[in-house]
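As structure tokens, the structure follows; a few thoughts come after it.
Predicted, not measured: the structure shown is a model, and the values here were computed from it.
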Amino acid sequence: MFDSFLDELHAGIKARGAEALSIPDGLAECRSAKGNSVIRSWLWHLPGIRRWRVTRLDAGDSLQVLNSVAYPAFSRDQPLLGIDLLWFGARQKLVAVLDFQPLLQTPDYLDRHLQGLHRLHDRFPDLSGEETMRSYDPHQYFSPWLLFCRGNAEQAQGALPEAFGAFLSQYWALHDSPATGLSLEPEEVARLQNAYDIYSAERDPAHGLFTSHFGKAWSDRFLHEFLFPGSSQAPDPTPELAP
């Protein structure tokens, strides 16, 4: 279901001069005990983005997942990119979340960084539902204009492919835009990005899903060592690249 999206995402990352980073032992790939599901992950850094992780879970007709988060360099106060796509084939059910996840919820911050996403929200009404996400407070680390839906094959095959490409293009445009207005100090950006990891690790609904497929020990490591390493307050080994 999401292989074409994965290819599009990786093509865009590689086109920006990305370099692959090592992933902690045993976390780059895992197969379920029954062998009916596999999860693979990639980790990149590129100019202006210190850490971009990508995860693809393939459990056949029961579940397909594509998840990705990009963390800008500490020298930039831009929002994180967040992607969560889930397809439950047997039930023909889609859950999609595409967002520029803001470090702050102040009007000034949102106005400086999220106008492009606001336009996409208006452009794709099928992915602009008013239903709120479960497990998360939508007023923390999520923008007012995230693209979100609980839909079916109509959205998965209709609006989503076009919206996904437009969403990535808009994030690259934000990434390439010159800094305007007051910016946060690098130390504050680092603190806020770690706070995002702590908040997300405490609430991430995918942890239970991964546990059901790959066991608790592996999933606990995956959560804290790969998905949200800032949640452990450990120093991030990822090199900081110049903007």
Side-chain angles (χ1 to χ4, degrees), residues 9 13 21 23-24 27 41-46 48-55 65-85 95-114 116-117 132-148 167-168 170-171 174-175 179 182-210 219-241 243:
L9 178 58
I13 292 172
L21 294 172
I23 296 175
L27 298 184
S41 295
W42 300 262
L43 185 61
W44 308 93
H45 73 92
L46 53 155
I49 297 179
R50 67 180 184 88
R51 187 174 196 274
W52 194 320
R53 61 170 174 80
V54 181
T55 294
V65 175
L66 177 61
N67 169 264
S68 186
V69 175
Y71 296 75
F74 292 145
S75 58
R76 298 174 175 226
D77 69 349
Q78 294 169 338
L80 287 68
L81 170 142
I83 295 171
D84 271 301
L85 304 178
V95 177
V97 182
L98 305 172
D99 198 17
F100 298 171
Q101 302 189 249
L103 297 177
L104 299 174
Q105 293 285 347
T106 63
D108 174 68
Y109 184 95
L110 299 179
D111 184 64
R112 283 193 291 121
H113 293 310
L114 274 75
L117 184 65
T132 59
M133 292 180 296
R134 301 160 190 166
S135 304
Y136 292 102
D137 178 353
H139 303 295
Q140 282 192 278
Y141 298 111
F142 290 91
S143 79
W145 306 297
L146 82 166
L147 304 181
F148 172 69
F167 173 80
L168 291 180
Q170 188 57 56
Y171 193 76
L174 172 65
H175 175 267
L182 297 176
S183 60
L184 300 172
E185 293 296 325
E187 294 78 11
E188 180 65 2
V189 173
R191 185 189 71 79
L192 290 168
Q193 288 191 6
N194 280 336
Y196 166 86
D197 273 10
I198 293 168
Y199 175 86
S200 299
E202 291 173 349
R203 294 163 176 80
D204 185 31
H207 182 249
L209 184 153
F210 294 148
S219 298
D220 284 351
R221 282 193 62 214
F222 191 65
L223 180 76
H224 292 292
E225 295 181 34
F226 179 72
L227 293 181
F228 306 111
S231 63
S232 64
Q233 298 293 327
D236 191 328
T238 307
E240 178 83 4
L241 297 187

May I ask you to decide if [Y]'s main-chain N or O and [X]'s side chain share a donor-acceptor pair within less than 3.5 Å?
{"X": "Arg53", "Y": "Leu227", "result": "yes"}
{"X": "Gln193", "Y": "Leu80", "result": "no"}
{"X": "Asp77", "Y": "Ser183", "result": "no"}
{"X": "Tyr196", "Y": "Gly230", "result": "no"}

With sequence neighbours excluded, what pairs up with Arg221 under the side chain to side chain contact (heavy atoms under 4.5 Å, CB included) test? Pro24, Leu27, Glu225
Suppose we screen for side chain to side chain contact (heavy atoms under 4.5 Å, CB included). Which residues come up paired with Ala201, at least two apart in sequence or across chains? Leu223, His224, Phe228, Ser231
More than 12 heavy atoms of other residues, nucleotides or ligands under 6.0 Å from CD of Glu188: is that the case? yes
Run Thr55 and Ser68 through side-chain contact (heavy atoms from CB on, under 4.5 Å) and show every step you take. CA-CA 6 Å; Thr55 294; Ser68 186; over 6 Å; no
Taking every heavy atom of Phe100 against every heavy atom of Leu117, the minimum-distance pair comes out as N-CD2, 3.6 Å
Please find the pair of heavy atoms, one from Leu85 and one from Ala96, that lie closest to each other, and give the distance. CD2-CB, 3.7 Å
Using the benzene-type ring in the case of Trp, are the ring centres of Tyr171 and His175 under 6.0 Å apart? no
Output for pair (Leu147 CG, Phe167 CZ), nearest 0.5 Å, gives 7.0 Å
I'd like to check Phe148 versus Asp84 (side-chain heavy atoms, cut-off strictly below 4.5 Å). Are they in contact? no
